**Student:** 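To start, I am sharing the structure in question, which I have written as structure tokens.
All ligand and atom numbering here is 1-based and tracks the order in the structure. Given the structure is predicted, the values throughout are model-derived calculations rather than measurements.
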Amino acid sequence: MESMVARAGLGDILEKVKAGERLTFDDGVRLYQSNDILAIGYMANLVRERLNGDNAYYIYNQHVNYSNICTNLCKFCAFGKDKDSAQAYEMNIEQVKAKIRERLDEPISEVHVVGGIHPDLPYSYYLDMLRGIKEVRPEIHIQGFTCVEIAHLAELAGKSVADTLEELVAAGLGSIPGGGAEVFSPRIRQITCEKKLSGEGWLEVAKTAHRLGLKSNATMLYGHIETIEERVEHLEMLRNAQDETNGFLTFIPLAFHPKNTELADLSKTTGLDDLKNIAVSRLFLDNFPHIKGYWVMIGPKLAQVALSFGADDMDGTVKEELITKMAGGETSGAMADTELIRLIREAGRKPVLRDTLYNVIEEK
Ligand code: V47
């Protein structure tokens with residue numbers, strides 16, 4: 001394998017990886033430029049096994065998308081709708097509670113709660129939603145509201161991000177999912193999501209949460225109009241933030257799905273680019289404990305292969321995910337825990353049922 005990496009012209013990077021040395025911006029660019037996926041994957045797997053051994057994590061979870069009404073209307077998103085759209089919806093608190101009640105007989109440990117930037121739901125709605133979920137299922141961990149939503153809630157509340165987060169935590173918030181990061185580059189944001197919180201703003205919310213002791217995830221939406229340099233810059237900004245606060249748990253590369261978006265003329269991502277994003281992020285983000293191969297976005301088959309290319313987590317049972325589904329995702333929906341276990345075992349890894357914070361619930 002090592003001679004293969006050398007033949008791919010990546011021998012110097014392999015030396016750094018073996019020595020546990022940090023990769024530079026240029027190393028990141030070279031990795032993305034190479035199509036030698038086995039060489040890149042071999043190196044990413046070294047890091048994956050150093051950090052997580054043979055463990056492949058999954059979670060018993062549920063998604064609740066409380067509303068698709070959004071004022072940002074990003075060009076890459078098929079989920080967000082204008083308030084006046086015929087497809088717009090919003091759940092009231094009782095409807096959210098009913099969603100949680102529907103699945104009380106399943107061993108769900110986490111609910112992933114995200115929506116859009118709603119123009120007129122009051123701040124109290126969000127606090128009541130958290131309290132309502134906890135009323136129905138007190139022990140559930142609520143991973144909710146992207147950094148973009150948190151910044152919006154702070155504005156609604158007329159409070160600082162820190163004070164707002166403290167109130168959300170008191171109402172039941174457990175941690176923050178990784179959405180809304182997209183690509184931090186101002187060029188990309190200007191073209192695709194002009195109204196959205198800036199990259200710096202996103203990072204500031206995440207770091208504020210970390211300083212309060214909250215954990216969060218991070219994502220990158222790849223496969224649209226971003227350059228390789230913009231990808232590496234995004235990863236570098238995350239790595240720097242993690243050096244400061246050490247509050248990120250997982251990085252999730254998100255494969256762009258073009259259908260029903262304003263970028264619908266672009267192609268879907270390829271398997272090679274999906275695996276490369278997993279592997280390069282594993283190599284570059286040396287201070288992130290976990291990399292997720294999110295089966296909803298890359299499909300269960302590739303998510304299984306990703307377990308040998310840097311990923312150590314597959315996400316979970318999910319069910320009723322709408323963001324990918326609206327953008328033409330073919331595999332969104334539910335996955336049985338038994339199927340996740342089968343995929344992991346067949347990949348030669350050890351299935352580990354985790355909670356949101358990566359405490360082990362059961363080794364299978
Ligand atoms: O913020 C929007 C992205 C994100 C599209 O933290 C799209 O564990 C692909 O962040 N094609 C939401 N992606 C999903 C997300 C997530 C999912 C699962 C687990 C976690 C976690 C986070 O999806 C959005 C946006 O970046 N997105 N539109 C699209 N057409």
**Student:** Does either side chain, that of Asn287 or that of Asp243, offer a donor lying less than 3.5 Å from an acceptor on the other one?
**Tutor:** yes

**Student:** Give me the residue, atom name and distance of the protein heavy atom closest to atom 9 (C) of ligand 1.
**Tutor:** Ala255 O, 3.2 Å

**Student:** Tell me which one of Gly328, Pro258, Ala218, Gly178 gets a heavy atom nearest to atom 6 (O) of ligand 1.
**Tutor:**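 Among Gly328, Pro258, Ala218, Gly178, the closest heavy atom to atom 6 (O) of ligand 1 belongs to Gly178.
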
**Student:** Show me which atoms of ligand 1 lie under 4.0 Å from any heavy atom of Met297.
**Tutor:**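 Counting atoms of ligand 1 from 1, those under 4.0 Å from Met297 are 9 (C), 13 (N), 23 (O).
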
**Student:** Do we see a donor-acceptor contact under 3.5 Å between the side chains of Asn61 and Asp315?
**Tutor:** yes

**Student:** With a cut-off of 4.0 Å, which atoms of ligand 1 are near a heavy atom of Asp315?
**Tutor:** 19 (C)

**Student:** List every atom of ligand 1 that sits less than 4.0 Å from any heavy atom of Pro177, numbering the atoms from 1 in the order shown and giving each element.
**Tutor:**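 The list of qualifying atoms is 6 (O).
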
**Student:** Between His210 and Phe248, is the gap from one ring center to the other below 6.0 Å?
**Tutor:** yes

**Student:** I need the nearest protein heavy-atom contact for atom 8 (O) of ligand 1: residue, atom name and distance, please.
**Tutor:** Lys292 NZ, 2.7 Å

**Student:** Please check: side-chain N/O of Asp27 versus main-chain N/O of Thr24, any donor-acceptor pairing under 3.5 Å?
**Tutor:** yes

**Student:** Whether the Thr227 and Glu230 side chains hold a donor-acceptor pair (N or O, under 3.5 Å, no angle test) is what I'd like checked.
**Tutor:**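 Yes.
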
**Student:** Just need the protein heavy atom nearest to atom 29 (C) of ligand 1, so name the residue and atom and give the distance.
**Tutor:**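 Here the nearest protein heavy atom works out to Phe76 O, 3.5 Å.
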
**Student:** Which residue and atom name correspond to the protein heavy atom nearest atom 18 (C) of ligand 1, and how close is it?
**Tutor:** Tyr294 CZ, 3.3 Å

**Student:** What is the ring orientation for Tyr294 with His63, classed by angle as parallel under 30°, tilted 30 to 60°, or perpendicular over 60°?
**Tutor:** parallel

**Student:** Of the choices Leu254, Thr269, Leu322, Leu221, which has the non-hydrogen atom that lies closest to atom 13 (N) of ligand 1?
**Tutor:**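 Considering heavy atoms of Leu254, Thr269, Leu322, Leu221, the nearest to atom 13 (N) of ligand 1 sits in Leu221.
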
**Student:** At less than 4.0 angstrom from any non-hydrogen atom of Gly180, what atoms of ligand 1 do you find?
**Tutor:**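 Answer, ordered by atom number: 1 (O).
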
**Student:** Which residue holds the protein heavy atom closest to atom 27 (N) of ligand 1, what is that atom called, and what is the gap in Å?
**Tutor:** Ile323 CG2, 3.8 Å

**Student:** Is it the case that Thr356 and Gln143 place a side-chain donor and acceptor less than 3.5 Å from each other?
**Tutor:** no

**Student:** With a 4.5 Å cut-off on side-chain heavy-atom distances among I, L, V, M, F, W and Y, is there a chain of contacts connecting Tyr123 to Val148?
**Tutor:** yes

**Student:** List every atom of ligand 1 that sits less than 4.0 Å from any heavy atom of Ile252, numbering the atoms from 1 in the order shown and giving each element.
**Tutor:**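 Those qualifying, in numeric order: 6 (O), 8 (O), 20 (C), 21 (C).
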
**Student:** In ligand 1, which numbered atoms sit nearer than 4.0 Å to a non-hydrogen atom of Ala327?
**Tutor:** 30 (N)

**Student:** If you count the atoms of ligand 1 from 1 in the order shown, which ones are under 4.0 Å from a heavy atom of Asn217?
**Tutor:** 6 (O), 8 (O), 21 (C)

**Student:** May I ask which of His257, Glu182, Glu149 has a heavy atom nearer to atom 25 (C) of ligand 1 than the others do?
**Tutor:** Glu182

**Student:** In terms of hydrophobic clustering (I, L, V, M, F, W, Y; side-chain heavy atoms under 4.5 Å; direct or indirect links), are Leu357 and Ile108 co-clustered?
**Tutor:**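 Not linked; separate clusters.
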
**Student:** Out of all atoms in ligand 1, which are within 4.0 Å of some heavy atom of Thr219? Include the element for each.
**Tutor:**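 Under 4.0 Å from Thr219, ligand 1 has these atoms: 10 (O).
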
**Student:** Is the distance between the ring centroids of Tyr57 and Tyr358 under 6.0 Å?
**Tutor:** yes

**Student:** Among all the protein's non-hydrogen atoms, which is closest to atom 10 (O) of ligand 1, and how far away is it?
**Tutor:**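 Ranked first by proximity to atom 10 (O) of ligand 1 is Gly179 CA, 3.0 Å.
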
**Student:** Could you give the distance from CD (Glu262) to OG1 (Thr192), rounded to the nearest 0.5 Å?
**Tutor:** 10.5 Å

**Student:** Looking only at protein heavy atoms, which one is nearest to atom 22 (C) of ligand 1, and how far off is it?
**Tutor:**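 Heavy-atom neighbour on the protein nearest atom 22 (C) of ligand 1: His112 CE1, 3.7 Å.
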
